[in-house]
Amino acid sequence: MPGIFVPCSAAFYEGLGQQPDSIFRDKTVAELGCGNGWMSIALAQRWSPFKVYGLDINPRAIKIARINLYLNALDDDGLPIYDGERKTLLDRIEFHESDLLSCCRDSKIELDCIVGCIPQVLDPNPEVMPNIKINNSSEEFLYSRCYYCAFQGVVEDQFGLGLIARAVEEGIALIKPMGIMIFSMGGRPGQVLCERLFLRRGFRINNLWQSKLMQAADTDLSDLVEIEENSPHQFEFFVDLGGDQPISARTACAYMKSGGCVSHALSMYSCHLRQPDQVKKIFDFLKDGFPEVSSSLDLSFDDNSVADEKISFLAYLASFLKENKSNPCEPPAGCLNFRNLVTGFMKAYHHIPLTPDNVVVFPSRAVAIENALQLFLPALAIVDKHLTRHLPKQWLTSSTIEERADCTEAENIVTVIESPRKWDLLIEFIRKLKPQVVVTGMAQFDAIRTAAFVNLLNVTKDVGSWLFLDISEHLELSRVPSSNSVLRYLAGNTLPSHVAILCGLVKNQVYSDLEVAFTISEQAAFCEALSQTVELLEGHTSVISQQYYGCLLHQLLAFRICEPHAQQERRPALVLPQRMIGFSNSAISAIKEAEFSLPDSKESCVIHMDLDRSFLPIPSAVKASIFESFARQNIMDSETDVRSSIQRLLKRNYNYPVDSDSDIIYGSTSLALFNKLVRRCVQERGIFVFPLGTNGHYVSAAKFLNANTLTIPTKSSSGFKIEPSALEDTLNNKEPFSRAWVYISGPTINPSGFLYSAKEIEELLYICARNAARVVIDTSFSGLEFQTDDWPFPGVQFPFNRWPCWDLEGCLDDMAGHVAPVYLLGELSLELTIAGLKFGFLISKDRSSEYSFPISSQPHSTLKYTFRKLLGLKYDLDEHFSNLIAEQRETLKGRANHLMKTLENCGWDVVGCHGGISMLAKPTAYIGKLFRVNCFEGTLNGCNIREALLRSTGLCISSSTWTGITDYCRFNFALESGEFKRAMDCITRFKELVLGGSDES
């Protein structure tokens, strides 16, 4: 019948006949594009599979196939024909109308084998195809439907391979782990492209059989010629059947028009999934609306070890993005799962018994070293010359060794002396110079001798030096890792309390610049202090970076078989001498006054309204960009260059000019970059000026870094904005001859959520210019303003986010010649609704900033790709992405209103909120009330109400200790919907516990 497809039967069946019987016997098989069904019938007769599903989109073909089945399954008398297993073809074969594998997918049928010989020629009238109903169509249309394929939305469409590509992707979900797919493919697109269709989807392939077919003389090749003209790709044809040199479509077209004959290759490929479970997870994630990511996916690798590493991680990442609607809350010390994996690896492979509390995670080992030195502020530190590259330059150029040897001078300068890596020379340096801190790596020779490590421990103990030992180059994440002197020592000895082990994980085969570091210490107080430095100075360590190395560790632990012998007993640690220096005065004071995040307890989960992070659902566009950044290969430098995107953002939002004289410095978080500015202020003996009600971590970080600080008075009636008169008075009353650094959070003020108008920021900048004060404008918490009314220009109405909310260019031009450096600090995560992933940037024309304080942790190239892509969506006004941002803004507006109403009903005085993710409120009705619950007893005030709320309800907020405003607390309302509802219930419950059911509030 004309409307029924007859497969390239002889060639395809000949290829199948060369396969071993085991591929089909007793297996569940699906044939795609079965047409009249003869091949499914022949396959069942020859190999006796358990079941063959003949599938075709053409309903008439299925009717004919069923007739054909009965003609072969019954004898001339109409009786069933039985085979040696007492089964008939009716038992072994079913024919179903199905668009590719939709029938098997809907019936949840798992397949051992998928075979197919389906169309590869694009339909000449693609706009007609979707609008025709098959059952009412003509024989001519059904002929077209069977021999041509429509666009499938995959990159292979342009070469006519889209239908096969979609069949392969559908088959990944249904094929069993050891299953096989076999496809017959015309070779016109070229053998490399045909094979790449399978390779980039995670298959190993085998070219089972190859032949040539004559190209029909009436074939129109003009579409292929056009593709060649507009792309570097060339199709493959051959002269007659005997030609062995490929010619292009253009050449073939000209040759055919001149009366010549051309042929094309016909190949049959078998393919097996390289890592079945992992590839299935990847495509299960991509099927949920990520066609662009699917088109850019490339799982083909020349090196099997690289393939195993990357595919495993992509599956891990796909599962994480699919299962987590919002970003999980992890402690500053690092993801608990990652720290468990580190300790598990140490125990399984090196017999070192550790707990997660012994491990603190950092963005990089450079950050870990700098934070440790800042924690102690030693008069003299000896640091391996290979580990000093990211340290502040003035630490390496200080000449105050003699003056500060007794640690009696002001704690402002750390003097660092570079040392050789060889331990015998290092020990001589330690004995002569008597440093308070030693940071060293490990030479290959010293990695062998345990005695050398013991000698180093004894010398640092005798001198009274803290020792940080970097073993990064000697820790192998492999199934057969070599040991070293340090790990062998730790297997039998407790780590001395004056020693910490440092390890930067950089040895991966896929993402060369992706780093995570961790320290190991068995002194609890030191681990806690290191964790607090992460929270104060960095914010947190990238969750996805931890997941990458966590995936590697997980694979290694899954491979490892637990050994039966018991853990050997470890000898106790060396006694710490009394003359060891402790933490610096500034660190002790800042840690004591700061309010840190609280981890979830084993008994209950904490509801966090105390963190500077959004826990709203991660939009699908964000998930797609994150996954694509890791999935793609050969990303060009231009695709990770975010400078132009940030320039566009600043111009559009604030009319802030970023010209060739401006430096854009990138950091893992805006907090890390802010702390570089604080160090610069300390270096020039300046004074950092904060408005009352500034983000508590910023103020604590400045104090930790030993900066002099001043506070600008603010009022609740104005949302704790800086008022011009208060700023003028503060700058006039500061210490003479000290440069002021004024911190301004805006347009959205963190944490109050109020907004600075264009006129208000101009007034503040004029005052700072008159007083020669440096200005740090922090836009990190802006971009999600929702109560805008006539902001930022009173009396002027315009569509939100279509015009800049500030005119910084005009303002700075007016003050030309009078303005001290203005530093613009920002973070892309909140504005682009990326919960958990952060990307900080600092704009400055003060080029000495980067030189004085090199950035210890840069955003990874995958993050640059992600943020560049999302900024493009935002400012190209992509409708879907714009709707997502608008939806989140409306969500925050609704949450803010709900929270405000709940707090007011429960006896809190709320300041109000116009943007951002947090608001301030005063527990007026609770102050002075005596309250007793779960190990808490006291008279409530703005400081201890946090503990009272936490112990009684599980809700954690930021107290007035964090806000710096007497009795005012901070509430973050950007929570997952279920958590937000629980939080509201907790606030109501707390009112009942303290105030009872009366209207006393």
Side-chain angles (χ1 to χ4, degrees), residues 3-16 29-40 42-43 52-62 64-65 95-105 111 113-124 126 129-130 134 141-175 179-189 193-198 201 203 205 207-211 213 216 219 264-271:
I4 296 176
F5 176 54
V6 179
C8 304
S9 49
F12 191 39
Y13 189 68
E14 180 182 345
L16 290 178
V29 182
E31 184 199 358
L32 300 178
C34 66
N36 60 20
W38 82 264
M39 193 175 298
S40 292
L43 192 153
V52 177
Y53 295 95
L55 309 175
D56 202 296
I57 196 171
N58 183 351
R60 298 187 194 177
I62 296 303
I64 298 300
F95 289 106
H96 297 279
E97 179 186 345
S98 177
D99 181 7
L100 294 181
L101 290 163
S102 61
C103 173
C104 295
R105 182 180 64 245
L111 302 168
C113 184
I114 298 171
V115 300
C117 180
I118 53 183
Q120 281 181 238
V121 182
L122 285 175
D123 191 89
M129 187 76 76
I134 292 178
F141 169 74
L142 290 175
Y143 180 87
S144 173
R145 182 71 168 179
C146 292
Y147 284 89
Y148 296 105
C149 62
F151 282 95
Q152 305 298 317
V154 294
V155 72
E156 288 86 359
D157 273 334
Q158 59 187 314
F159 308 112
L161 301 175
L163 194 63
I164 295 178
R166 184 162 73 88
V168 169
E169 291 190 3
E170 288 187 11
I172 288 172
L174 300 174
I175 200 78
I180 184 173
M181 298 187 194
I182 303 176
F183 286 95
S184 175
M185 297 180 68
R188 298 194 312 178
L193 191 63
C194 290
E195 292 178 357
R196 182 163 173 74
L197 182 152
F198 301 107
R201 289 174 171 84
F203 285 91
I205 62 170
N207 193 335
L208 299 175
W209 178 88
Q210 193 167 25
S211 182
L213 295 179
T219 304
H264 66 81
L266 179 68
S267 300
M268 189 163 73
Y269 293 98
S270 69
C271 45

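Values reported hereafter were calculated over all heavy atoms of this structure, with side chains retained and with hydrogens, waters and symmetry mates removed.
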Rounded distance (nearest 0.5 Å) linking atom [atom1] of [X] with atom [atom2] of [Y]:
{"X": "Ser184", "Y": "Ile164", "atom1": "OG", "atom2": "CD1", "value": "8.0 Å"}
{"X": "Asn36", "Y": "Asn58", "atom1": "CG", "atom2": "CG", "value": "11.0 Å"}
{"X": "Leu43", "Y": "Cys34", "atom1": "CG", "atom2": "SG", "value": "12.0 Å"}
{"X": "Leu208", "Y": "Tyr269", "atom1": "CG", "atom2": "OH", "value": "10.0 Å"}
{"X": "Asn207", "Y": "Ser267", "atom1": "CG", "atom2": "OG", "value": "4.5 Å"}
{"X": "Leu32", "Y": "Ile182", "atom1": "CG", "atom2": "CD1", "value": "12.0 Å"}

**Request:** With side chain to side chain contact (heavy atoms under 4.5 Å, CB included) as the test, would you mind laying out the steps for Ser40 and Phe95 before giving the verdict?
**Result:** CA-CA 9 Å; Ser40 292; Phe95 289 106; 3.9 Å; yes
[X] vs [Y] side-chain heavy atoms within contact, under 4.5 Å:
{"X": "Thr219", "Y": "Arg188", "answer": "yes"}
{"X": "Leu55", "Y": "Leu100", "answer": "no"}
{"X": "Met39", "Y": "Glu31", "answer": "yes"}
{"X": "Val29", "Y": "Leu111", "answer": "no"}
{"X": "Ile114", "Y": "Ile180", "answer": "no"}
{"X": "Gln210", "Y": "Met268", "answer": "no"}
{"X": "Tyr53", "Y": "Cys103", "answer": "no"}
{"X": "Phe183", "Y": "Cys117", "answer": "no"}

So which heavy atom on [X] is nearest to which on [Y], and how close?
{"X": "His264", "Y": "Gly187", "result": "ND1-N, 3.9 Å"}
{"X": "Ile57", "Y": "Glu97", "result": "O-CG, 3.9 Å"}
{"X": "Ile62", "Y": "Gly54", "result": "CD1-O, 4.1 Å"}
{"X": "Pro189", "Y": "Cys194", "result": "CD-SG, 4.3 Å"}

Identify whether the distance between the nearest side-chain nitrogen and carboxylate oxygen of Arg166 and Asp99 falls below 4.0 Å.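 Salt bridge: yes.
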- Query: Under 3.5 Å, side chain of Glu170 to main-chain N/O of Leu101, donor-acceptor pair present?
  - Reply: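 Looks like yes, one N/O pair under 3.5 Å.
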Is it true that a side-chain atom of Asp56 and a backbone atom of Gly35 form a donor plus acceptor pair closer than 3.5 Å?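 Judged by distance alone, yes, a pair lies under 3.5 Å.
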*Could you tell me how the ring of Phe198 sits relative to the ring of Phe203: parallel (under 30°), tilted (30 to 60°) or perpendicular (over 60°)?*
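Aromatic pair Phe198/Phe203 classed perpendicular.
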